[in-house]
Amino acid sequence: MLMLTPREIVRELDRYIIGQTDAKRAVAVALRNRYRRAMLPDDIRDEVTPKNILMVGPTGVGKTEIARRLAKLVDAPFVKVEATKFTEVGYVGRDVESIIRDLVEASIRLVKEQHISRIRLSAEDRVEDRLADLIARPQKPKKVNPLDILLGNKPKEPDLPAEEREQLALQVGSVKERLRRGELEHEMVEIEVEETAPVGEIPGTDLNVNDMLGSIMPKRTKLRRVEVREARRILLAEEEQNMIDMDAVYSEAVTRAEQDGIVFIDEIDKVAGRTGASGGPDVSREGVQRDILPIVEGSTVNTKYGPVKTDHMLFIAAGAFHVSKVTDLIPELQGRFPVRVDLKPLTADDYAQILTQPENALIRQYQLLLGVDGVTLEFDQSAITEIANYAWQANESAENIGARRLHTVLEMILGDIAFNAGGGDAPEVKVTVDAEYVRRQLSQDVHAKDVKKYIL
């Protein structure tokens, strides 16, 4: 785990998320406590459980982004789920334990990629050897024994005389040099690839028929004729898969999920029963909460990779709580989220900063996108201020969707530019967006809103 201090974590989050200092501090402390726990003696380590976090705030203010960036920051297994998708009383929904199974799958992908990165250079050398051999060696039809097909055995290559072997080695060496210079990228080669069978999942479980029969049934292969650049990609994936120890990957992934896993439960307010209500949908909402409760409290979930404990996973829940209140959650679930932070609504100044300051700022994204078609896009400060004010006013007068409003506004402003850009013979142009241009592009939307006031 990356050993960052809380201040360093907040500083990293500030690169992508504007404001919400309290929420950043809370998740930073929770993350640092994991490292602190790992340094404790064995007899007390298991007694220290994560302090789960409940983030309360309107949509589009950064709740999901904080959790997602946090997981990337520490390279931890992360899964985002919506509370409304899980089993409700009287309805068919997803099994709540599938949250943990999804987390384990995410952990496997993460650990597998890390293992692959360690052997990638060796795998690339092997692929180069195979490609050079495929190009240099004459492709002759092989006599196939039906028994070999049944047993999954590959036919043996015939032994060559010493003189032919020496000549072949020279040819292979020459081909390798050309491969390294990129001269053979469009050369056609014939490679043997494994046939992909359709996924046969057993309904209601995470079991796969192909996984169960994989060790019994021989793998079926077929020949494909592809360019060298495509063959390199296919063979590299095959070599990487052969070189890593998947048993070690599964074992490490389960441990990482148990110790470092982060589960983000969004829209938890949608399953909060309203005070004083009894029966109807509120009963089913409470049913979802009681289903979620065991995995948050700490339980063991059976997966196809073995039992997985949830005791030390970090759970972050979030909700707007416009209609319901936090106290409408069942007391047991409230108690499992001891750290509660309120995220503030965004101001016009926040919108202006979101447009320009983060590393993935929206304006920078549009500049890069349009730059592909030779358009140099610039915004002066008056345009940024005008966009921010319009987004804030739109959220105040209509549905408040937070920073997502900026996507809508920018699409309206840049729609004509994006449509007219492009074309092989189009000259490079420079476009400067100012406040006047912004007002002109948004005037139709403002007029439409004014008209709606008089329609009954």
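Hydrogens, waters and symmetry mates are skipped; everything else that's a heavy atom, side chains included, is used. For this chain, numbers begin at 1 and follow the sequence in order.
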Salt-bridge contact [X]-[Y] (side-chain N to carboxylate O under 4.0 Å):
{"X": "Glu113", "Y": "Arg118", "value": "no"}
{"X": "Glu240", "Y": "Lys112", "value": "no"}
{"X": "Glu97", "Y": "Arg101", "value": "yes"}
{"X": "Arg130", "Y": "Glu239", "value": "yes"}
{"X": "Arg126", "Y": "Asp129", "value": "no"}
{"X": "Lys344", "Y": "Asp22", "value": "yes"}

Backbone N or O of [Y] within a donor-acceptor pair of the [X] side chain at under 3.5 Å?
{"X": "Arg45", "Y": "Leu40", "result": "yes"}
{"X": "Asp380", "Y": "Ala383", "result": "yes"}
{"X": "Ser251", "Y": "Asp247", "result": "no"}
{"X": "Arg405", "Y": "Glu399", "result": "yes"}
{"X": "Thr385", "Y": "Gln381", "result": "yes"}

Candidate pair Asn360 and Arg364, rule side chain to side chain contact (heavy atoms under 4.5 Å, CB included), full reasoning: CA-CA 7 Å; Asn360 60 337; Arg364 182 168 182 269; over 6 Å; no
Do [X] and [Y] have side chains that get closer than 4.5 Å, going by heavy atoms?
{"X": "Leu362", "Y": "Gln365", "value": "yes"}
{"X": "Gln114", "Y": "Glu252", "value": "yes"}
{"X": "Glu436", "Y": "Ser382", "value": "no"}
{"X": "Leu70", "Y": "Ile316", "value": "yes"}
{"X": "Thr49", "Y": "Asp311", "value": "no"}
{"X": "Asn33", "Y": "Arg37", "value": "no"}
{"X": "Asn400", "Y": "Thr59", "value": "no"}
{"X": "Leu370", "Y": "Thr376", "value": "no"}

Do we see a donor-acceptor contact under 3.5 Å between the side chains of [X] and [Y]?
{"X": "Thr347", "Y": "Asp349", "result": "no"}
{"X": "Thr5", "Y": "Arg32", "result": "no"}
{"X": "Tyr351", "Y": "Asn389", "result": "no"}
{"X": "Asp125", "Y": "Ser122", "result": "no"}
{"X": "His312", "Y": "Arg34", "result": "no"}
{"X": "Arg336", "Y": "Asn52", "result": "no"}
{"X": "Asp14", "Y": "Gln357", "result": "no"}
{"X": "Tyr437", "Y": "Glu386", "result": "no"}

What pairs with [X] under side-chain hydrogen bond (donor to acceptor under 3.5 Å, both in side chains), at least two apart in sequence or on another chain?
{"X": "Glu185", "answer": "Arg232"}
{"X": "Asp245", "answer": "none"}
{"X": "Arg229", "answer": "Glu227"}

More than 12 heavy atoms from other groups under 6.0 Å of CZ on Arg7: no
Atom CD of Glu359 with >12 non-hydrogen neighbours under 6.0 angstrom: yes
Val104/Tyr250 under side chain to side chain contact (heavy atoms under 4.5 Å, CB included): CA gap, chis, key distance, verdict: CA-CA 9 Å; Val104 173; Tyr250 294 148; over 6 Å; no
To the nearest 0.5 Å, how far apart are [atom1] in [X] and [atom2] in [Y]?
{"X": "Glu411", "Y": "Leu406", "atom1": "CD", "atom2": "CG", "result": "12.0 Å"}
{"X": "Asp266", "Y": "Thr84", "atom1": "CG", "atom2": "OG1", "result": "8.5 Å"}
{"X": "Phe264", "Y": "Arg68", "atom1": "CZ", "atom2": "CZ", "result": "11.0 Å"}
{"X": "Gln441", "Y": "Asp416", "atom1": "CD", "atom2": "CG", "result": "5.0 Å"}
{"X": "Ile330", "Y": "Ile292", "atom1": "CD1", "atom2": "CD1", "result": "9.0 Å"}
{"X": "Ile262", "Y": "Lys72", "atom1": "CD1", "atom2": "NZ", "result": "13.0 Å"}

Chi angles and distances behind the side chain to side chain donor-acceptor pair (under 3.5 Å) call for Gln259, Lys309: CA-CA 9 Å; Gln259 303 299 322; Lys309 294 183 177 179; over 6 Å; no
Step-by-step side chain to side chain contact (heavy atoms under 4.5 Å, CB included) determination, Arg69 to Leu73: CA-CA 6 Å; Arg69 291 290 175 185; Leu73 185 61; over 6 Å; no
CA sep, side-chain torsions, deciding dist, call: Leu355, Leu410, side chain to side chain contact (heavy atoms under 4.5 Å, CB included): CA-CA 10 Å; Leu355 287 169; Leu410 284 174; 3.9 Å; yes
